[in-house]
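This report concerns only the one structure given below.
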Amino acid sequence: MPNAIELLREDHQKVKDLFQHFEGMESGDKKEIVATTLHELSIHTTVEEEIFYPAARKALEETDDETDLIDEAWEEHHVVKLLAAELKKMRAGDKRYDAKFTVLAESVKHHIEEEEGELFPKLEGHLDENLGEKMIARKEKLQKRPVSSAKCRNSKSNTRPTENKRNQKRRGKGRGKMAAGRR
């Protein structure tokens, strides 16, 4: 039977390896590594938020332990999601692309240290034995989804759709509908 904490440790190692690979690159397809990392992080955070954290909170409450670590983990996920969303909109050659990915990596590494150093030891032996199986099933469903469109953002047609709409409005296209709607 798979151990939930060990599954998360495996995910952590996979992401740390991707960060290390990115750091070691002088050139090449950084966008591909970033897209893979963001995809892995998305799956990992979803499994933690939907399955692991609720079970961890319950286990901590049952052992009369503090649940602050769970709240902090949720907030760290929030920060990672914000950085990931910004990275998805950027191009690999953008001025702050590498810096933003580095900040993301540092944030995730800090998160991993807290989970593995503080949270996991408190949970050892207090989690439902079936939790690992639930996590694997959810992860498999998430992995079947296509990788985000981050890889496709290099084409001009996908980079600025809202700007194109604004420009159409400025040039007079689409004004008829707007004016008609005000009558």
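Distance check: Tyr53 OH to Leu69 CG gives 10.0 Å after rounding to the nearest 0.5 Å. In this structure, OG1 on Thr37 lies 9.5 Å from CD on Glu32, to the nearest 0.5 angstrom. Rounding to the nearest 0.5 Å places OG1 of Thr63 at 8.5 Å from NZ of Lys122. To the nearest 0.5 angstrom, Asp98 atom CG is 9.0 Å from Met90 atom CE. If you take CG on Leu60 and CG on Asp65, they are separated by 5.0 Å, rounding to the nearest 0.5 Å. Note that the CG atom of Leu142 and the NE2 atom of His39 stand 8.0 Å from one another [nearest 0.5 Å].
For the pair Lys100 and Asp94, the salt-bridge criterion is not met [side-chain N within less than 4.0 Å of a carboxylate O]. Look at Lys109 and Glu23 and you find a salt bridge, because one of the NZ, NE, NH1 or NH2 atoms lies within 4.0 Å of a carboxylate O, short of that distance.
Annotation: Glu129, atom CD; neighbour count of heavy atoms from other residues, nucleotides and ligands within 6.0 Å does not exceed 12. Crowding of Gln20 atom CD: a count of heavy atoms from other residues, nucleotides or ligands under 6.0 Å not exceeding 12. By the neighbour-count criterion of 12 heavy atoms within 6.0 Å, atom NZ of Lys81 is densely surrounded, having more than that number from other residues, nucleotides or ligands.
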Next item on the list: Evaluate the side-chain contact (heavy atoms from CB on, under 4.5 Å) criterion for residues Trp74 and Thr45: first the C-alpha distance (whole Å), next the side-chain angles of each, then the deciding distance (0.1 Å), finally the verdict.
Entry: CA-CA 9 Å; Trp74 278 92; Thr45 57; over 6 Å; no
Check: So Val108 and His12, side-chain contact (heavy atoms from CB on, under 4.5 Å) or not? Walk me through it.
Finding: CA-CA 9 Å; Val108 171; His12 290 169; over 6 Å; no
Check: Leu104 and Leu41: side-chain contact (heavy atoms from CB on, under 4.5 Å), yes or no, with the steps?
Finding: CA-CA 11 Å; Leu104 173 85; Leu41 286 171; 4.1 Å; yes
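Heavy-atom minimum distance, Glu115 versus Ala73: OE2-CB, 4.4 Å. Heavy atoms only, all atoms of each residue included: Val79 and Ser107 are closest at CG1-OG, 4.2 Å. Closest of all the heavy-atom pairs between Asp29 and Met25 is N-CE, 3.6 Å.
At a threshold of 4.5 Å between non-hydrogen side-chain atoms, the residues Arg91 and Tyr97 do not count as touching. Residues Lys139 and Gln143 are in side-chain contact: their nearest non-hydrogen atoms beyond the backbone lie under 4.5 Å apart. With contacts defined as side-chain heavy-atom distances shorter than 4.5 Å, the pair Leu8/Phe52 qualifies. You'll find the side chain of Leu119 stays beyond 4.5 Å of the side chain of Glu114, heavy atoms only. Residues Arg9 and Phe120 have side chains in contact (heavy-atom distance under 4.5 Å, counting atoms from C-beta outward).
Evaluation of the salt bridge (charged side-chain N to carboxylate O under 4.0 Å, His left out) test over residues 70-79, restricted to residues two or more places apart or in two chains, returns Arg57-Asp71.
A cation-pi arrangement, defined by a distance under 6.0 Å to the six-membered ring centre and an angle within 45 degrees of its axis, is present between Lys30 and Phe22.
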Run the side-chain donor-acceptor check on residues 130-138: report pairs under 3.5 Å with partners two or more places apart or on a different chain.
unit_1, atom_1, unit_2, atom_2, d
Arg138, NE, Glu50, OE1, 2.5
Arg138, NH2, Glu50, OE1, 3.3
Arg138, NH2, Glu50, OE2, 3.2

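His126 and Glu62 share no side-chain donor-acceptor pair at under 3.5 Å. The closest side-chain donor-acceptor pair between His111 and His77 falls under 3.5 angstrom. Using a 3.5 Å distance cut-off with no hydrogens or angles, the side chains of Glu40 and His44 do not pair a donor with an acceptor.
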